[in-house]
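Below: the structure, in structure tokens.
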Amino acid sequence: MDEEEQNKLIDLVKELVHRLLSQSPQSQQNPQNPNFENSFRYALRILSSRLTPSIAPDAAAIAESVKRRLATHGKSSDALSFADLFAKFSSKTGPGSVNNKWAVIYLLKIISEDRKSAKNVVNSSTLLPNLGVHELESKNDSRVLNGKEDKQLGWRKNGVLLVNKDPENLRDVAFREFVNLLKEENEVSEEVLVRDVLYCCQGIDGKYVKFNTMVDGYCLSDLVKVPRATRVMVRKLCELGWLFRKVRGYISESMDRFPAEDVGTVGQAFCAALQDELLEYYKLLAVLEAQAMNPIPLVSESAGSGNYLSLRRLSVWFAEPMVKMRLMAVLVDKCRVLRGGAMAGAIHLHAQHGDLLVHEFMKRLLRRVCSPLFEMVRSWVLEGELEDIFAEFFVVGHPVKAESLWREGYRLHSGMLPSFISQSLAQRILRTGKSINFLRVCCDDRGWADAATEAATAAGTSTRRGSLGYGETDALETLVIEAAKRIDKHLLDVIYKRYKFREHCLAIKRYLLLGQGDFVQYLMDIVGPELSEPANTISSFKLAGLLESAIRSSNAQYDDPDILDRLRVKLMPHGTGDRGWDVFSLEYDARVPLDTLFTESVMARYLKIFNFLWKLRRVEHALIGAWKAMKPNCITSNSFTKLQHAVKLQLLSTLRRCQVLWDEMNHFVTNLQYYIMFEVLEVSWSNFSNEMEAAKDLDDLLAAHEKYLHSIFEKSLLGERSQSLFKSLFVLFDLILRFRSHADRLYEGIRELQARTMESSLSSRDKKKSSRQTNDMHTKPGSWLSDGRKALTQRAGEFLRNMEQELDATANEYTSLLEVFLAQLPVQQHVDLKFLLFRLDFTEFYTRLRPSV
Amino acid sequence: MDPEAARTARESLDLAFHMSNILDTGLDRHTLSVLIALCDLGVNPEALAAVVKELQREPSPSPPMSTAPSSIP
């Protein structure tokens, strides 16, 4: 205190002492009372001995305790008026008012307490002490003097007896003890802890809160003395720090691995998105740190308070970042081992969440993560480009030759297919890109670029990068559908118009499937004798020349030269003992791009069908040849009028036998041929034509063609289920061929016989004929010229008997085989084979022959 | 002191006097004003209360309390 104040103080004290002494009844009007000096010095001594108050300077608290005291002693109205007065008193500010209000109130309190305790000491001997009830309402000065009397009356008036508990002092004492205890327990103040927690949430160890690897978390070290509640709270808040560490660790790991090409574009996008979110988080932490230093302004000025940020306030602020960080940590865990489309799919699964905050967050994240994927889809669908260094796209390309580009060049990798793109959409995407590549590589076509831009404008997006994002799966679908539609149409146009697919198919049908009848006939005629030779003596050049001449002599010559160009003779690899018939086949050369459709395996199947049909034709041809040989019957029968009757009969029966057998075989072969030609080939072809019209894209076309071939296979007994039937059919064919040779021999023999008879009854009128027949005769050494007629008859009889036996044998075998064949027919799966049976057994002749069935 | 301040001071004193009456401190207005002034100067209220108690109590100054009975300034 300075000089002036000191003087003032002394004056005031003097005044006080004077007043107090004058108050007391003993000392009277003598200011120079020697007591005065003593009292004055005494007062000064007391004042200087206690310079600091023992309780906190909180006026409100003191007033509260006074009020409580008044209320508990039954003076509730006093308490209310006191409260009122105190409110008015403390609201007085500015010059002229009391500055140390608390001091004043405290003073009054203590003085009143002292008076009461003094009174109680006085009264204790006689009565139970009570704290006196005083009903003071008015502001009379004289009250103070009257107060004593009133007091003495007071307790008598009220009759309320209260025990002297002196609670305020106890309460004060308790508070004081508590404050001391807190000071002891809390070695570290809350400010420091808050700052440490903020550091931890950025991954930095604070002064007291460090990362504990054993516990795997941030916590206060046990050496620091803080109450348990604080410890637990710090631990909870530092969970955010742990999550942050995890996320940041993942990001830095990925960034490190990136040059090693382990982390793909999707992974990078994910890291970038996470980093953006962490930036937001850093911003929040910076704001909180700035706030941590500021004290909050309070209403009552005399009380101090801590800083704005306490641990509890921190926990409120951290609620939202905790949710987000937890999400990020979960995603990081999930995606540690995934890449590409699989990663996008896994993140997408987490986005199916009802909480709006989470949903927004995931949507933002996914938009970034899926942008490389969508970009890849866009460039694949509109340009056919696969820019996929890290193998993250669900379309995988293999380097293959041009003809297998369509079937095997590109495939779907379902592991990388994100879950928000459906299978059908993925198929369409694959096909569109494949078509573009196919057009570009195999067809040398540039028109698809227009189609692509058209598609993009139709779908409402542009062909530039980055125009699609996650959440716009619909837009993607529209784009893909539009692009697919246009490009497929373009592709089919190219295939049909430029490469004349339909014409080629038709050509294959006509030549390989023996549709062009006259050509086949000529071919068979010409090539037949050649093919009877053993296989290793046949030269393909000769056959090619024969093929040419066959073409030229039939209607085929008017066909497109390009098509005729592709038709060739092929000699299959032969073993020993093979005849030409077994190795001969025709081949059609389908070049790029049609060999996508007519692959090796497809052509092999065509070959099989060709072989079968060719054999069938050969048998038919043989039978026709036999017919030709059998024709001159009348001549045969007429010329034997001179023979013996027995021989004639034998001859006739043999001939008839032969005829009947021929008829049967012919019936069989013709019907089989008819069935194959009309019910199998033509029907399948018309189905295929319809499907070709309706096909939307190359996949459809390929499927239709497959179906076409498959149906031909099944119906013409070439399928696996008809193997046994097929074998028996071939045995039948062999038999028929043998019959042909028998028939040939028979007729040859008959003619020879005829010649001999002619010869033996030689007349010059048959010179013409005989000149022909002498040729026959000359070809036979050891002639019978010298024999007589008897020998002739004998010979004839023998010959005829042999023939008859052979024919019988053949006939029996044929019948049995046919029975077997026909028995197997009804049990076949394919419904059309029943039609075959129907044809063959039209009159139910055979079913009647088989009584057992 | 300007009239405003004077009025404030007077009103404050009035309120304090009322409160002291409610609390039955036995102080008159003048003494109270002196005490308030002393408190404003920063004196410990506990000490002041002790002074008041002592001086109000003594009907006669007790010999051990006073130091030199013959000390006269």
Side-chain angles (χ1 to χ4, degrees), chain A residues 1 5 8-9 12-13 15-17 19-21 23-24 26 34-35 37-39 41-43 46-47 49-54 66 70 78 81-82 85-86 88-89 92 94-100 103-112 114-115 118 132 134 136 139 141 143-144 147 151, chain B residues 1-61 65-73:
Chain A
M1 265 194 250
E5 280 190 15
K8 212 160 147 199
L9 187 75
L12 281 173
V13 173
E15 179 68 30
L16 178 68
V17 170
R19 298 288 312 180
L20 286 174
L21 285 179
Q23 239 181 33
S24 58
Q26 286 80 5
N35 283 340
E37 278 304 320
N38 292 340
S39 310
R41 259 189 241 117
Y42 180 47
I46 293 177
L47 284 175
S49 69
R50 291 191 231 178
L51 286 174
T52 47
S54 61
V66 168
L70 286 172
D78 267 352
S81 50
F82 182 82
L85 287 169
F86 177 69
K88 283 193 206 140
F89 182 67
K92 295 238 178 277
S97 69
V98 180
N99 287 335
N100 264 342
V104 172
I105 303 294
Y106 191 41
L107 177 70
L108 293 176
K109 182 170 158 214
I110 296 182
I111 293 177
S112 75
D114 288 344
R115 280 179 75 95
H134 223 45
L136 282 177
K139 313 183 219 182
D141 277 352
R143 262 317 160 139
V144 177
K151 253 188 292 186
Chain B
M1 266 220 242
D2 56 298
E4 190 59 43
R7 197 163 52 84
T8 315
R10 197 174 44 250
E11 280 168 9
S12 302
L13 182 58
D14 273 345
L15 290 168
F17 184 59
H18 280 310
M19 283 195 280
S20 91
N21 283 341
I22 292 179
L23 287 173
D24 184 33
T25 54
L27 295 170
D28 63 348
R29 207 184 267 267
H30 194 75
T31 321
L32 186 61
S33 72
V34 171
L35 281 171
I36 289 177
L38 279 170
C39 281
D40 253 353
L41 283 176
V43 178
N44 183 5
E46 280 170 8
L48 278 174
V51 167
V52 167
K53 191 167 85 177
E54 291 299 311
L55 292 180
Q56 270 186 341
R57 186 164 52 93
E58 56 177 26
S60 56
M65 285 290 171
S66 54
T67 48
S70 58
S71 64
I72 293 172

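Counting heavy atoms from C-beta on, the side chains of A/L107 and B/L38 never come closer than 4.5 Å. Residues A/Y106 and B/E46 form a side-chain contact, since some pair of their non-hydrogen atoms from C-beta on lies under 4.5 Å apart.
Minimum heavy-atom separation, B/A37 to A/L12: CB-CD1, 3.7 Å. Minimum interatomic distance between A/F82 and B/M19 (heavy atoms only, all atoms of both residues): CE1-SD, 3.5 Å.
Taking the salt bridge (charged side-chain N to carboxylate O under 4.0 Å, His left out) definition, one finds that B/E11 meets it with A/K92, B/R7, sequence neighbours left out. Shown here are the salt bridge (charged side-chain N to carboxylate O under 4.0 Å, His left out) partners of A/K8, two or more places apart in sequence or in another chain: there are none.
Note: A/D114 leads A/D114, A/I105, A/I110, A/V13 in heavy-atom pairs under 4.5 Å with chain B. Interface summary for chain A: among B/L48, B/L32, B/L15, the most heavy-atom pairs under 4.5 angstrom belong to B/L15.
How far OG of B/S20 is from NZ of A/K109: 16.0 Å, rounded to the nearest 0.5 Å. Atom CG of A/L108 sits about 7.0 Å away from atom CD1 of B/I36, to the nearest 0.5 Å. The structure places OG of A/S112 at 10.0 Å from CG of B/L27, a figure rounded to the nearest 0.5 Å.
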Quiz item: Taking it one step at a time, do A/R115 and B/K53 satisfy side chain to side chain contact (heavy atoms under 4.5 Å, CB included)?
Solution: CA-CA 8 Å; A/R115 280 179 75 95; B/K53 191 167 85 177; over 6 Å; no

Quiz prompt | Residue pair A/I111, B/L35: steps toward the side chain to side chain contact (heavy atoms under 4.5 Å, CB included) verdict | solution = CA-CA 11 Å; A/I111 293 177; B/L35 281 171; 4.2 Å; yes

